[in-house]
Peer 1: 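One structure coming up, written as structure tokens, with questions to follow.
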Amino acid sequence: MEPVLSIQNITKNYGPIQALKNVSFDVPAGSVFGILGPNGSGKTTMLGIILDILIADAGTYSWFGGMQKDAARKQIGSLLETPNFYHYMPAIDNLEITASIRQAGLDDRNRVLQLIGLAERKDSKFQTFSLGMKQRLAIGAALLGRPKVLVLDEPTNGLDPAGIAEIRSLIKTLNKEGITIVIASHLLDEIEKVCTHVAILKKGTLLLDGPVNDVLRCVDQIEVRAADLLQLQNILQKMNGINKIQLADNSLLLTCAPGVIPEQVNSFCSNRGLVLSHLVLKKKSLETKFMELTS
Ligand code: ATP
């Protein structure tokens with residue numbers, strides 16, 4: 001299937017600061033696509049470019065297989081910063097204002113309120129809403145006019161755990177409705193919990209992109225020790241399924257292919273006359289992998 005968005009070789013500088021360096025990736029249709037990276041890695045700049053708010057210095061991007069920009073823009077709802085809702089006005093009236101700005105038609109408001117789970121509270125004043133509800137209404141405003149794609153910048157920033165859970169569940173619901181969602185976030189946890197695909201940025205450079213399960217797959221390591229470390233290393237170099245051997249603190253750290261278990265390492269060594277004095281499976285967290293990638 002054709003990607004919803006294709007980004008090719010985008011570069012953006014702010015004076016001497018290189019915010020994006022030759023970044024390319026595709027956003028598959030129907031995905032929840034996370035742009036993940038620490039502060040200052042270029043996420044917001046990338047969203048600004050694909051929403052036509054900023055102009056890239058080099059590179060191109062195309063929506064919906066090369067649709068003309070104005071037509072494409074009508075298919076995209078975005079939330080880069082919290083909209084200015086009127087505190088004393090009910091939710092439905094606040095949406096009316098947004099609907100008139102977006103020329104979305106008033107009949108769409110009730111559909112949106114249903115989708116964001118605020119139909120029951122449509123007549124409540126904005127100021128009576130929890131932070132999570134306020135953010136849901138902001139996402140609702142972006143949904144007016146039935147966009148096919150939703151672009152969100154750090155959608156759970158500043159929310160408490162209950163608010164975060166509400167937004168995550170809303171994102172999943174919207175995706176089930178067929179909306180492709182692009183989210184910029186510096187939170188690994190967020191990307192892991194809601195995204196199907198991810199692109200990892202570091203200082204404006206794309207490190208990796210693809211399905212979350214591939215990109216962020218945990219790689220376990222096995223730590224081994226023996227009286228003669230050199231002999232141990234020589235033996236393990238001959239074992240299939242060991243991708244990398246590193247020396248660390250009088251031990252060897254083995255990065256293995258999926259499915260290799262410590263018992264296999266033990267029997268491989270003992271069959272060759274070497275007794276291990278230490279054998280431990282070290283689970284590597286996603287956090288560690290992310291830190292290694294980005295630090
Ligand atoms: P954050 O999560 O902190 O917003 P980010 O990943 O979204 O970070 P950007 O905001 O895109 O990153 O910033 C990328 C780089 O460009 C940073 O070094 C930032 O300081 C710089 N930058 C962003 N906007 C401007 C601007 N208007 N003028 C100068 N430098 C800028």
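It should be emphasised that the depicted structure is a prediction, and the values quoted were computed from it without experimental measurement.
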Peer 1: Are the side chain of Lys12 and the backbone N or O of Ile55 linked by a donor-acceptor pair below 3.5 Å?
Peer 2: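 Yes.
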
Peer 1: Supply the atom-to-atom distance Glu154 CD to Leu79 CG, rounded to the nearest 0.5 angstrom.
Peer 2: 11.5 Å

Peer 1: Could you tell me whether a side-chain N or O of Asn94 sits under 3.5 Å from a main-chain N or O of Tyr86, the two making a donor and an acceptor?
Peer 2: yes

Peer 1: Rounded to the nearest 0.5 Å, what separates atom CG in Leu143 from atom CZ in Arg111?
Peer 2: 6.5 Å

Peer 1: Could you see if Val32 belongs to whatever hydrophobic cluster contains Ile116? Use Ile, Leu, Val, Met, Phe, Trp, Tyr and a side-chain cutoff under 4.5 Å.
Peer 2: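 The answer is yes; both residues are in one hydrophobic cluster.
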
Peer 1: I'd like to know if the side chain of Asn266 and the backbone of Pro262 have a donor-acceptor N/O pair within less than 3.5 Å.
Peer 2: no

Peer 1: Nearest 0.5 Å please: distance from the CG atom of Leu170 over to the CD atom of Gln135.
Peer 2: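 Rounded to the nearest 0.5 Å, the CG-CD separation comes out at 9.5 Å.
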
Peer 1: Please test Phe33 against Phe25 for ring-ring contact (aromatic ring centres under 6.0 Å, His included), starting from the C-alpha separation and ending with a verdict.
Peer 2: CA-CA 11 Å; Phe33 195 100; Phe25 59 83; 5.2 Å; yes

Peer 1: Counting distance only, does the side-chain N/O of Trp63 pair as donor-acceptor with the main-chain N or O of Ser6 below 3.5 Å?
Peer 2: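 Such a contact is absent between Trp63 side chain and Ser6 backbone.
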
Peer 1: Check Ala184 against Pro155 and note the closest heavy-atom contact, atom names and distance.
Peer 2: O-CD, 3.9 Å

Peer 1: In plain terms, say whether Asp189 and Arg168 are close enough for a salt bridge, that is, a side-chain N and a carboxylate O under 4.0 Å apart.
Peer 2: yes

Peer 1: Is the closest side-chain donor-acceptor distance between Ser277 and Arg225 under 3.5 Å?
Peer 2: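 Distance-only check fails for Ser277 and Arg225.
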
Peer 1: Can a donor-acceptor pair be found between the side chains of Gln75 and Lys148 at a distance below 3.5 Å?
Peer 2: yes

Peer 1: Of Asp153, Leu47, Leu150, which meets side chain to side chain contact (heavy atoms under 4.5 Å, CB included) against Val182?
Peer 2: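 When Asp153, Leu47, Leu150 are each tested with Val182, the side chain to side chain contact (heavy atoms under 4.5 Å, CB included) holds only for Leu47.
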
Peer 1: With side chain to side chain contact (heavy atoms under 4.5 Å, CB included) as the test, pick out the partner of Leu20 among Thr11, Asn13, Leu201.
Peer 2: Leu201

Peer 1: Between Tyr61 and Asn9, does any side-chain donor sit less than 3.5 Å from a side-chain acceptor?
Peer 2: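 There is no such pair between these side chains.
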
Peer 1: Flag yes if Val212 and Leu206 sit in one hydrophobic cluster, no otherwise; membership is Ile, Leu, Val, Met, Phe, Trp, Tyr, and two members link when side-chain heavy atoms are under 4.5 Å apart.
Peer 2: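 No, it is not one cluster - the side chains of Val212 and Leu206 are not joined through contacts under 4.5 Å.
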
Peer 1: Judged by atom type as modelled, is there a donor-acceptor pair below 3.5 Å linking the side chain of Thr173 to the main-chain atoms of Ser169?
Peer 2: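 Yes; at least one donor-acceptor contact below 3.5 Å.
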
Peer 1: Check whether Tyr14 and Leu51 end up in the same hydrophobic cluster, where Ile, Leu, Val, Met, Phe, Trp and Tyr are linked by side-chain heavy atoms less than 4.5 Å apart.
Peer 2: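 Looking at the clustering, Leu51 is in the same group as Tyr14.
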
Peer 1: When clusters are formed by joining ILVMFWY residues with side-chain heavy atoms under 4.5 Å apart, either directly or through shared neighbours, do Val265 and Val280 land in the same one?
Peer 2: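 Val265 does not cluster with Val280.
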
Peer 1: I'd like to know if Asp70 and Lys74 make a salt bridge, using a cut-off of under 4.0 Å between side-chain N and carboxylate O.
Peer 2: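 Result for this pair is no, no salt bridge flagged.
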
Peer 1: For the residue pair Ile35 and Lys43, what are the closest heavy atoms and their distance?
Peer 2: O-CD, 3.4 Å

Peer 1: Counting only heavy atoms not in Glu120 (residues, nucleotides, ligands), do more than 12 fall under 6.0 Å from its CD?
Peer 2: no

Peer 1: Taking the six-membered ring of Phe126 as reference, does the NZ or CZ atom of Lys134 fall below 6.0 Å from its centre and within a 45° cone about the axis?
Peer 2: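 Verdict for Phe126: a cation-pi partner in Lys134.
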
Peer 1: When you measure from the side chain of Asp249 to the backbone of Ser251, do you find a donor-acceptor pair of N or O atoms at a distance under 3.5 Å?
Peer 2: no

Peer 1: Does the Ser130 side chain pair with the main chain of Met133, one donor and one acceptor, at a distance under 3.5 Å?
Peer 2: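 Answer holds: yes.
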
Peer 1: Atom CD1 of Ile50 and atom CD1 of Ile7: how far apart are they, to the nearest 0.5 Å?
Peer 2: 5.0 Å

Peer 1: Looking at Pro147 and Ile76, what are the two nearest heavy atoms and their distance?
Peer 2: CB-C, 3.7 Å

Peer 1: When you measure from the side chain of Gln233 to the backbone of Leu252, do you find a donor-acceptor pair of N or O atoms at a distance under 3.5 Å?
Peer 2: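 No.
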
Peer 1: Counting only N and O atoms by type, is there a donor-acceptor contact under 3.5 Å from the side chain of Ser24 to the main-chain atoms of Gln8?
Peer 2: no

Peer 1: Are Arg109 and Thr98 linked by a side-chain donor-acceptor pair shorter than 3.5 Å?
Peer 2: no

